[in-house]
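Quick notes on the structure that follows.
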Protein chains: 2
Amino acid sequence: MSTSPESLQPLDVSLSPQERFEEYLQTRGLRQTSQRKFLIDAVFDEHEHFDADELIDRLPRRGEKNYVSSATVYRTLREFVDAGLLKSFQLDGRTVYELDYGYPQHDHLYCTKCKQLFEFQSDLLVEMRDKVASEMGFRVTGHRMIIQGICRECTKGRRKKRKQDLV
Amino acid sequence: MSTSPESLQPLDVSLSPQERFEEYLQTRGLRQTSQRKFLIDAVFDEHEHFDADELIDRLPRRGEKNYVSSATVYRTLREFVDAGLLKSFQLDGRTVYELDYGYPQHDHLYCTKCKQLFEFQSDLLVEMRDKVASEMGFRVTGHRMIIQGICRECTKGRRKKRKQDLV
DNA sequence: ATTAGTGCAAATATTTTGCACGGAT
DNA sequence: ATCCGTGCAAAATATTTGCACTAAT
């Protein structure tokens, strides 16, 4: 937008998340703050799936350098979703975020035992979605598909080492 | 269970939700209270989709006959899900319930404008789900598919009368 | 200089829980 | 007579918001 490139070209692929967010901010007259810059790095450097709480846990504490208040983390995560950088969905009551920008469309399998999320991609699903929607007179803006079950590891008796086992 | 009928026969179809819940309670040594009886009637007499708050709103107030405390409503809704009478899922932060017992498997379209839920049924979706799951080594216990978009009514300019328009 | 952004704490919203009493078995 | 279930209020969770101050433009 700022440098007006040829219009029909998908700019996206050539911009880093950081650049893309800058663009988003500029087009809306929003400001580029140290918190926003820090957070976008923190989010895109690290995780695949996370919630606000997990993210806050990994960030500097109050008093430390680069501390960002929880309120700002929540506010900024919503901006990231707005900007198309992240996607969010609800799982077990909390809001889960995942990287969207630069990632192919996909859906999830959720192991209700180890609480891990796995991804899968299915064009068939999207086709089916669009067919159903058009039959119902719906203009689709998105969907959320989560397959629940027990993952391979958890199926074989006692699970071995797993990340968040403190639950 | 209590009268031990022929084993391979699907008992379900012949039992009312009330009977089915009784059975559930009996097999677990739980008690049949007036609150549980009242709630199962309230739930199965009325609604398709609802959340705890909406249900509580429709029930007798404190002091009135058949009053049930919110805590008990929450506790009992979870029992209903446990008993296979209701299904629950998260939508916009709240827990939505719907009748499950006696209803065919289905999924939802959600209009983000009027907040209405619509249903659809697709065997293809279930097939796809099972295929994906088996490829991933998952033992499926269920799934949740929600197609978001704008419904037909909301697409044609200003929507007309709609239920929960107080939002 | 303007005014959006932030940190803080309080407010919300939703659901859960501890506890003493009452009721179902 | 047990001890599960309930109502109540307080707690827990997760997220949002009002406000005064700070900082980006």
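The chains referred to below are lettered A, B, ... by the order of the sequence lines, with proteins before strands, and numbering in each begins at 1.
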Mind checking which nucleotides bracket the chain A contacts on DNA chain D, 5' to 3', with an atom under 4.0 Å from a heavy atom? D/dA14 to D/dT25
Do side-chain atoms of A/Lys37 reach the backbone of A/Ser34 as a donor and acceptor pair under 3.5 angstrom? no
Could you give the CZ-to-P distance, from A/Phe80 to C/dG5, as a whole number of Å? 13 Å
Hey, mind stepping through B/Glu135 and B/Lys131 against salt bridge (Lys or Arg N to Asp or Glu O under 4.0 Å) and telling me if it holds? CA-CA 6 Å; B/Glu135 281 168 9; B/Lys131 181 160 160 283; 3.6 Å; yes
Round to a whole Å and report the spacing from CG of B/Leu77 to P of C/dT14. 14 Å
Note the angle between the end axes of the helix from C/dA1-D/dT25 to C/dT25-D/dA1, five pairs defining each, rounded to 10 degrees. 30°
side-chain N/O B/Tyr74 vs C/dT16 OP1/OP2, d < 4.0 Å: no
To the nearest Å, give me how far apart CZ (A/Arg28) and P (C/dA4) are. 15 Å
Do A/Asp41 and A/Gln18 have side-chain atoms, one donor and one acceptor, less than 3.5 Å apart? yes
Applying a strict under-4.5 Å side-chain criterion to I, L, V, M, F, W and Y, I'd like to know whether A/Leu117 and A/Leu99 cluster together. no
Mind checking what makes side chain to side chain donor-acceptor pair (under 3.5 Å) contact with B/Asp57, not counting sequence neighbours? none
Can you check salt bridge (Lys or Arg N to Asp or Glu O under 4.0 Å) on A/Glu23 and A/Arg28, steps first, answer last? CA-CA 9 Å; A/Glu23 191 182 73; A/Arg28 308 207 172 194; over 6 Å; no
Could you list the donor-acceptor pairs under 3.5 angstrom formed by side chains in residues 77-90 of chain A, with sequence neighbours left out?
from: A/Glu79; atom 1: OE1; to: A/Arg36; atom 2: NE; distance (Å): 3.3
from: A/Glu79; atom 1: OE2; to: A/Arg36; atom 2: NH2; distance (Å): 3.1
from: A/Asp82; atom 1: OD2; to: A/Tyr24; atom 2: OH; distance (Å): 3.2
from: A/Gln90; atom 1: OE1; to: A/Thr95; atom 2: OG1; distance (Å): 3.2

May I ask you to evaluate whether B/Arg78 reaches the phosphate of C/dT16, defined as a side-chain N or O under 4.0 Å from OP1 or OP2? yes
Could you tell me the separation between the CZ atom of A/Arg61 and the P atom of C/dG7, rounded to a whole number of Å? 15 Å
Contact nearer the 5' end of DNA chain D, comparing B/Arg62 with B/Leu25: B/Leu25
Measure CD/A/Gln26 against C1'/C/dA4 and give the value in whole Å, please. 16 Å
I need the CZ-P distance between A/Arg94 and C/dT15, as an integer number of Å. 16 Å
Just how far, in rounded Å, is C1' of C/dG7 from CZ of A/Arg36? 14 Å
Check the interface with nucleotides 23-25 of chain C: list each N/O to N/O pair with the protein under 3.5 Å, or write none.
from: C/dG23; atom 1: N2; to: B/Arg31; atom 2: NH1; distance (Å): 2.5
from: C/dT25; atom 1: OP1; to: B/Gln32; atom 2: N; distance (Å): 3.3

What's the CZ-C1' distance between A/Phe38 and C/dG5, to the nearest Å? 17 Å
At their closest point, which heavy atom of B/Cys151 faces which heavy atom of B/Cys114, and how far apart are they? SG-SG, 3.9 Å
Scan B/Thr95 against the nucleic acid and name what it touches under 4.0 Å (heavy atoms): base, sugar-phosphate only, or nothing. sugar-phosphate
Closest approach of A/Thr72 to A/Gln35 (non-hydrogen atoms, all atoms of both residues): CG2-CB, 4.2 Å
Which other residues end up in the same hydrophobic cluster as A/Leu124, if Ile, Leu, Val, Met, Phe, Trp and Tyr are linked when side-chain heavy atoms come under 4.5 Å apart? A/Leu109, A/Phe118, A/Phe120, A/Leu125, A/Met128, A/Val132, A/Met136, A/Phe138, A/Val140, A/Met145, A/Ile147, B/Leu109, B/Phe118, B/Phe120, B/Leu124, B/Leu125, B/Met128, B/Val132, B/Met136, B/Phe138, B/Val140, B/Met145, B/Ile147
Between A/Phe50 and A/Tyr97, how do the two ring planes meet: parallel, tilted or perpendicular, split at 30° and 60°? parallel
Between B/His108 and B/Glu98, is any side-chain donor less than 3.5 angstrom from a side-chain acceptor? yes
